[in-house]
Structure formats: C-alpha cells, structure tokens
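What you see is a predicted model; the values in this text were computed from it and never measured. Every heavy atom of this structure was used, including side-chain atoms; hydrogens, water molecules and symmetry mates were not.
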Amino acid sequence: MGQSLVIVESPAKMRTIKKFLGSSYTVAASMGHVRDLPKSTMGIDIEHDFEPKYIAIRGKGDLISSLKKEVKKADKIYLATDPDREGEAISWHLMSALGLNDMKDKEVYRITFNEITKNAVKAAIKSPREIDDNLVDAQQARRVMDRLVGYTISPVLWKKIRKGLSAGRVQSATLNIICKREEEIAAFIPKEYFTIDGTIKNRTKTVKAQYLGENGKHTELNDRETAEAIVEDVKRDKAVVSEIKNSERLRNSPLPFTTSTMQQEAARVLNMSPQKTMRIAQKLYEGVDVKGHGSIGLITYLRTDSVRISDEAFEAAKGFVGSRYGKEYVSYARPVGKNSQNVQDAHEAIRPTYIDLMPAELKDQLERDEFRLYQLIWNRYVASRMTPARYDTTSVRLHSGSHTFTASGSKLKFDGFLSVYKNVEETEEKQDLSFMKEGDVIAFDKLEAVSHMTEPPAHYTEASLVRKMEEDGIGRPSTYAPTIATLTARRYITKEKKNLYVTELGTAVNELMKGSFPSIVDEKFTANMEYMLDSVAEGKTNWKELIRNFYPDLKEAVDNAEKNLGRVKIADEVTDVICDKCGRNMVIKYGPHGKFLACPGFPECRNTKPYVEKIGLKCPRCGKDIIVRRSKKGRLFYACEDPECEYISFNKPKGDKNGVAIEKKLANAEKQ
C-alpha cells in the first residue's frame, strides 16, 4: 500500500487527526493560507478582467518546500482544510503552490469533515471529492471585492482625514449601523409616564398588582394628576377579584448554537468578546489534550449559521438524555431555525463531538476559558435535545369601580431543559396567587403612582451588534468577530463596560463614507452582495460578472471623492495633564504602540508623555491611583501608579464602597 499525505491548516488539527490514521498516512500543516494577494499593491489586474495576482505569503517559502518534499513521497494527497469557502480556497491555493495540478502520477483529493473524530475523518477519506470551483470562486469574489473597496477607498481616507485609516465592504456598513444608533440616542427626547403599582397581603403572602386601565382596556398614564386621582379613587373603594385564569405555559428549549448565537451567549454569560470566543472555539474544534484520549476535537465546526444536526448526533443525544435524565426529558423533535435566505446549511450546528464527555470531567484538563466555553456549548446542545419546561400560571383581574388591575404568577411544574441550561434569563413572575378566589373583596395594602421616563435605544454591545449583523445579512459567521475587532483597532469605536461607542474619528469616517460612498455603507446593498456571493457559491452567478458590475460605480465614486472632498479636521481629545514645558493641556495621540500624550503646541513644543489609563480605583497599599499597564509579552495587568509600590493584579480589581481596590493575590510582572 502506498503512502498517503493529508494536509490540514494547523498543528493542533494535525495532531488530532494523526492518531486516527495508520502508519501509511503522513499528516502535515499548511499553517493557514500559503498564497494571497500582495500587501504592497492592489494585486488585481483590472485591465485584464480583474485577474488576481497571487503570490506566496512572505515567510512561507520553507514551509512550501517542506510540503513539496512530503508530496514527492506520497502516492495520494488529501487536502483536508476547513469545510467552508475559505478552506476550499486554501486547498485550491495548495494545488498551485505545490504544483499538484501538473502531477499526473499523483492522486489528489479534497476531503472535509464537520467534526474531527475518528468516524468523521475515516468517512471523509472513503468519500473524497474534487475541489469545488464554485466555492473557490465565491471566496475569490469576496477577496477581490474587498480588496477593491479597501485599496481604492482607504487612500481617500488617508488624504482627507488621516493616515492609517481603512474602509471595507462589511466594516463600513457595520460602522454605519453603530453611528445610526448613536444618532437615535442623541435625538431621543425622554417623556414621563406613570404606572400604578399596588401590593395585596394576606397573613403569609404578598402579591404585586399593576394598573391596567379603564374597564379592562389598557390606558396610558402620561400625567401625574390623572395617575394620582386614580390612586385616590381606588383607596376610597375596595377591589373585587373578578376573574382568575389558570393555565399551563411551555417554555421551549433553546436551539443549538450557530456562530452568531454562540458569540452572543458567550458575551452575555461569560463576558467574552466575539473575537475571543472564536479563538477559543477554534482550539476546541481542532483538538485539545484530554487524559486518556490524547488530542481530540471537542466541538463541531465553529463557522455555521445552521441549527441542523446529523442523524448520528440526533440518535446519540436521545440515548444520552434518556439514560441520564429520564425518558420524559427526551425531545424527539429536530431543531428548526428561522427561515433566512442567508442561511447556508452545509454545516451542522455547533455541538460537542462526544456528548458523553461531560464538562465536569474536563474541568482540570482545560484552560479556564476553554472549559467555560465548552461547558456553555455542551449545556446548550444537551438542553436543545430536551423537552420544554412547564409552568402552572395564574392570572388575576381585579376591579375597583371602572379601574382594572392585574396580577400574575407562575410555578415551575416540570423543569425540562432547565435542568441543564440554568443560565437563561428568567422572565417568569413567581408570586403565589393561590389564596385569591373569584368574588373576594380586597383592600390594597399599598398603592402608589410611580413616575418613569422613556428610555432611549440601548447602545450596541458586541453581542447585540452581532445579532444585528446577522439579522441584516451583513457579513457571514466568519466575519462578525474580525469586523468588530477591526473597528476597535482602527479606533472608530470604543468599548466601555459592555457598550460600544463611536469615537470622533469613527463619526468623521462614517460621514465621509455616507456622503461619497453611500452604497458601501448601506446595509441592504451589503446584504445583497452577500446574497450574490452565495449565488456564486451555488454556481448560479459568474464571479467575474459580479465584479464587472460592481467596480465601475466604485471607481466613479472614488474619482469624485478625490476631486471634490475637502480635508476633514478632527479635534484631539484634551486631557487634564499639563505640559510641564509650556503649560498647555496635553492631548491624546495615537502611535504604532497605542495612545500617548503630546503637547498641542507642536512643532514649537515637542513634549510627549506615556498615556496612563486609570480605572477609577485607589491602590489598597498606598492609596494612589491604579493604572493599566502591559507586560513585556503584551499581557495587560493592573498596578499602582507609584513604581515604588508593589501592588499588581492580573485580574481587573473590584472596588469597595469607598472606591478602593479589593486586594488580589500579588503577581510578578517580570515572570510574564
């Protein structure tokens, strides 16, 4: 039997797959892409029908040579890169870089698997295929389109605003979404409204009731006088329990994770950024060392917008849930998501590859965040294969003259999926209304008109922005996290606590883009481009035709902007730090290594200082401010601003009621 070579992207994936294959297989890693468009030039021959000019990526020469040596030894070559457009393109580039297209004496195959398990890998090798040119063309179309946008519009931003800025097809549309929300918040005018809240007591129970309106119909209370008049009315009279309804309510089990919902839930429950979530999920997919198993992939492929699960996984989940939790917990229904024209059903939902490998067994073998994310994925998937939770609910109506009040409560009857997935947001009112009977005459123990103000739309968080991008069809599962990371890195947006805010720079860039490149920032246009790229992947649209239709309008807009736009001036952020050379308030500037302080009197005064970021807490050792610092290896830590003080913490300190940090275990930054 001849020798076979399997090429994957990463060393972790390589180690995991190696143990599934015999001695006749060699497994090598390409370390991602081996060819790409050059960074120094556009790399697209516009005059010759937008032909891309690919080159070997700098630093990959020795790796390509090593892979060529392995190719010479093999009779069969299996290209086993990830099962998506990007993975298909990497395999296609490997064909060219390794000269596989010209080797008539070699058998070259493309294989894919949605999970890195022995069964999945061996099944893939038994069912190889050729490279899917449609998927490759879709990836090329995306790459070329994004390069045309980035390399033609970005220089306009450099000339008109400042150097180092960038624009992008998905990036700019996402920035516009955030800016529109900021405009809505700024334009919002709060209005006062009132509710009437009451409490009813018997000997052991207290029930909350709310005013509904006149004669059983909802009535808005927009002024204090009306609300307080109703309170006085009801206080003079008593209320009668006019209606009691008892029913059962189902709370359906959640769907298994897609890329988007995993990022949203990891942000909500674990406080992880989308970028960090994807980085950790990649590790869990490619393989981690587990005692007794070696290197194994713990989850299925992480870039998906489908909630579908395989027949094998469906049956395994039924058996696992039935044996561990009981037959009454087993769901026999397949997960069905919302219909969306943008859903690509090539991959399963994100789920554990081995459902019987419970998180508790891995707690001591995974890094903290790996364990937390695996536990979240495992819990979500198992919960999705369980029956709904059931509640006994009671709703009561009370009448006092023409005024109607309501009270509601519920009691958990059967926990269903909640026995596993406890971190869901609780919406049930748990108060006990069993002491009430129709016809009871009740006096309110407390009744008051409560003033409220209408709230503006909430600032986007990373989680809600991902949800918005998915809803509007902006980008694909693989682009959500890097898009947000790019906007942050360019300093177009900033994150405070969990909220995202547009910076002055981001606003200036967005205004320029809206004025000169309205289609690029338009969500509908960007979503339609995604639809067209999907059409290329399905073989329905020629990718060059898509680019031919797209480029002329872009070129015209760029030419007009360069000719007609004036330079945009952005004011620097002024600090309370005084320049010790000339007395001016120093401003924040951005350099290759981040923020620094500079005198606004440049070039007369060239004074600069390091930028010190305070976190608003005092050092528990000496009482001075705690600041954010970075170790030699780039890790953030928290230290006293006084270099003589030894206070250091690698976890963000929490403060007591006096604003003093609650002391953590000290660590030595030099060891990091």
Task: Under 3.5 Å donor-acceptor, N176 side chain and V521 backbone - done: yes
Open item on the list: Using every non-hydrogen atom in the two residues, find where C579 and C605 come nearest and quote the distance to one decimal.
Closed with: SG-SG, 3.8 Å
TODO: Any chance you could lay out the side-chain contact (heavy atoms from CB on, under 4.5 Å) test for Y285 and T300, step after step, and finish with the verdict?
DONE: CA-CA 6 Å; Y285 164 69; T300 53; 5.7 Å; no
Task: Exceeds 12 heavy-atom contacts within 6.0 angstrom, atom CE of M42 - done: yes
Open item on the list: Whether R142 and E530 form a salt bridge (side-chain N of Lys/Arg under 4.0 Å from carboxylate O of Asp/Glu) is what I want to check.
Closed with: yes
Open item on the list: What I'd like to find out is whether the side chain of E286 reaches to under 4.5 Å of the side chain of M14, using heavy atoms alone.
Closed with: no
TODO: Determine yes or no for a side-chain-to-main-chain donor-acceptor pair under 3.5 angstrom, with K60 supplying the side chain and H33 the backbone.
DONE: yes
Open item on the list: Under the criterion salt bridge (charged side-chain N to carboxylate O under 4.0 Å, His left out), I'd like the reasoning laid out for K544 against D137: C-alpha separation, chi angles, the key distance, then a yes or no.
Closed with: CA-CA 9 Å; K544 290 280 186 76; D137 286 349; over 6 Å; no
Open item on the list: Rounded at 0.5 Å granularity, tell me how far SG in C619 sits from CD in E641.
Closed with: 9.0 Å
- [ ] Start with the C-alpha distance between V558 and F517, add both sets of side-chain angles, then the distance that settles side-chain contact (heavy atoms from CB on, under 4.5 Å), and finish with yes or no.
- [x] CA-CA 8 Å; V558 169; F517 308 100; 3.6 Å; yes
Open item on the list: For T526 versus S519, what's the shortest heavy-atom pair and its separation?
Closed with: OG1-O, 4.4 Å
TODO: Decide yes or no for W92 and R35: does some side-chain heavy atom of the first lie under 4.5 Å from some side-chain heavy atom of the second?
DONE: yes
- [ ] Measure the shortest side-chain to side-chain distance between Y151 and I44 over non-hydrogen atoms and say whether it is less than 4.5 angstrom.
- [x] no
Task: Side chain to side chain, V536 and Q140, heavy atoms closer than 4.5 Å - done: no
Task: Full working for side-chain contact (heavy atoms from CB on, under 4.5 Å) between L165 and L505 - done: CA-CA 10 Å; L165 304 181; L505 177 61; 3.8 Å; yes
TODO: Measure the shortest side-chain to side-chain distance between T304 and N114 over non-hydrogen atoms and say whether it is less than 4.5 angstrom.
DONE: no
Open item on the list: With a 3.5 Å distance limit and no angle check, can you tell me whether T494 reaches the backbone of Y501 through a side-chain donor-acceptor pair?
Closed with: no
Open item on the list: If I take atom CD1 from residue I615 and atom OH from residue Y638, how far apart are they, to the nearest 0.5 angstrom?
Closed with: 6.5 Å
Open item on the list: Could you check whether atom CG of D62 has more than 12 heavy atoms from other residues, nucleotides or ligands sitting under 6.0 Å from it?
Closed with: no
Open item on the list: The test is side-chain hydrogen bond (donor to acceptor under 3.5 Å, both in side chains); show your working for Y480 and Q264 and say whether it passes.
Closed with: CA-CA 11 Å; Y480 301 148; Q264 291 172 49; over 6 Å; no
Open item on the list: Can you give me the closest heavy-atom contact between I578 and G583, atom names plus distance?
Closed with: CG2-O, 3.6 Å
Open item on the list: As a test of understanding, state which of D146, T483, T479 forms a side-chain hydrogen bond (donor to acceptor under 3.5 Å, both in side chains) with R169.
Closed with: D146
Task: Nearest heavy atoms of P38 and R147, plus distance in Å - done: O-NH1, 2.7 Å
Task: L302 side chain near L284 side chain, heavy-atom distance below 4.5 Å - done: no
Task: Sequence-distant partners of F188, ring-ring contact (aromatic ring centres under 6.0 Å, His included), two or more places apart - done: none
Open item on the list: Any heavy-atom pair between the side chains of V156 and S516 that's under 4.5 Å?
Closed with: no
- [ ] Begin with the C-alpha distance, continue with both residues' side-chain angles, and end with the deciding distance and a verdict on salt bridge (charged side-chain N to carboxylate O under 4.0 Å, His left out) for R548 and E545.
- [x] CA-CA 5 Å; R548 289 184 209 118; E545 188 65 33; 2.6 Å; yes
Open item on the list: For a quick test of reading the model, state the closest non-hydrogen atom pair linking P653 to Y647 and the distance between them.
Closed with: CG-OH, 3.5 Å
Open item on the list: Tell me if the CZ atom of R58 is crowded by more than 12 foreign heavy atoms within 6.0 Å.
Closed with: no
Open item on the list: Please evaluate residues R467 and E470 with respect to the criterion salt bridge (charged side-chain N to carboxylate O under 4.0 Å, His left out), reporting the C-alpha separation (whole Å), side-chain torsions for both, the decisive distance (0.1 Å), and the verdict.
Closed with: CA-CA 5 Å; R467 183 167 63 249; E470 182 184 39; over 6 Å; no
Open item on the list: With a sphere of 6.0 Å drawn around CD of E604, does it hold more than 12 non-hydrogen atoms of other residues, nucleotides or ligands?
Closed with: yes
- [ ] Report yes or no: does Q171 contribute a side-chain atom to a donor-acceptor pair with the main-chain N or O of S166 at less than 3.5 Å?
- [x] yes
Open item on the list: Are more than 12 heavy atoms, taken from residues, nucleotides or ligands other than K614, located less than 6.0 Å from that residue's NZ atom?
Closed with: no
- [ ] Check step by step if side-chain hydrogen bond (donor to acceptor under 3.5 Å, both in side chains) holds for S91 and T81.
- [x] CA-CA 6 Å; S91 286; T81 50; 2.5 Å; yes
Task: CA sep, side-chain torsions, deciding dist, call: E471, K468, salt bridge (charged side-chain N to carboxylate O under 4.0 Å, His left out) - done: CA-CA 5 Å; E471 288 171 353; K468 175 68 173 172; 5.3 Å; no
Task: Test side-chain contact (heavy atoms from CB on, under 4.5 Å) applied to Y460 and I493, step by step - done: CA-CA 11 Å; Y460 281 113; I493 63 174; over 6 Å; no
Task: Non-hydrogen side-chain atoms of N134 and E538 separated by less than 4.5 Å - done: no
Open item on the list: Within this structure, what is the OG-CD1 distance for the pair S172 and I153, rounded to the nearest 0.5 Å?
Closed with: 6.5 Å
- [ ] Answer yes or no: does atom NZ of K495 have more than 12 heavy-atom neighbours from other residues, nucleotides or ligands under 6.0 Å?
- [x] yes
Open item on the list: Is it the case that the side chains of S478 and E86 hold a donor-acceptor pair, with the cut-off being a distance below 3.5 Å and no angle test?
Closed with: no
Open item on the list: I need the D472 CG to E523 CD distance, nearest 0.5 Å.
Closed with: 5.5 Å
Open item on the list: So which atom in I627 and which in V612 form the shortest heavy-atom distance, rounded to 0.1 Å?
Closed with: CG2-CG1, 3.0 Å
- [ ] Look only at the side chain of D522 and the backbone of P518, and say whether a donor-acceptor pair between them is shorter than 3.5 Å.
- [x] no
Open item on the list: Just verifying a value: how many Å separate K276 NZ and I280 CD1, rounded to the nearest 0.5 Å?
Closed with: 5.0 Å
Open item on the list: Can you see whether Y492 has R490 sitting over its ring - NZ or CZ less than 6.0 Å from the centre and within 45° of the normal?
Closed with: no
- [ ] Output yes when K180 and E183 qualify as a salt bridge under the 4.0 Å nitrogen-oxygen rule, no when they do not.
- [x] no
Open item on the list: Below 30° counts as parallel, above 60° as perpendicular, anything between as tilted: where do the rings of F50 and Y551 land?
Closed with: perpendicular
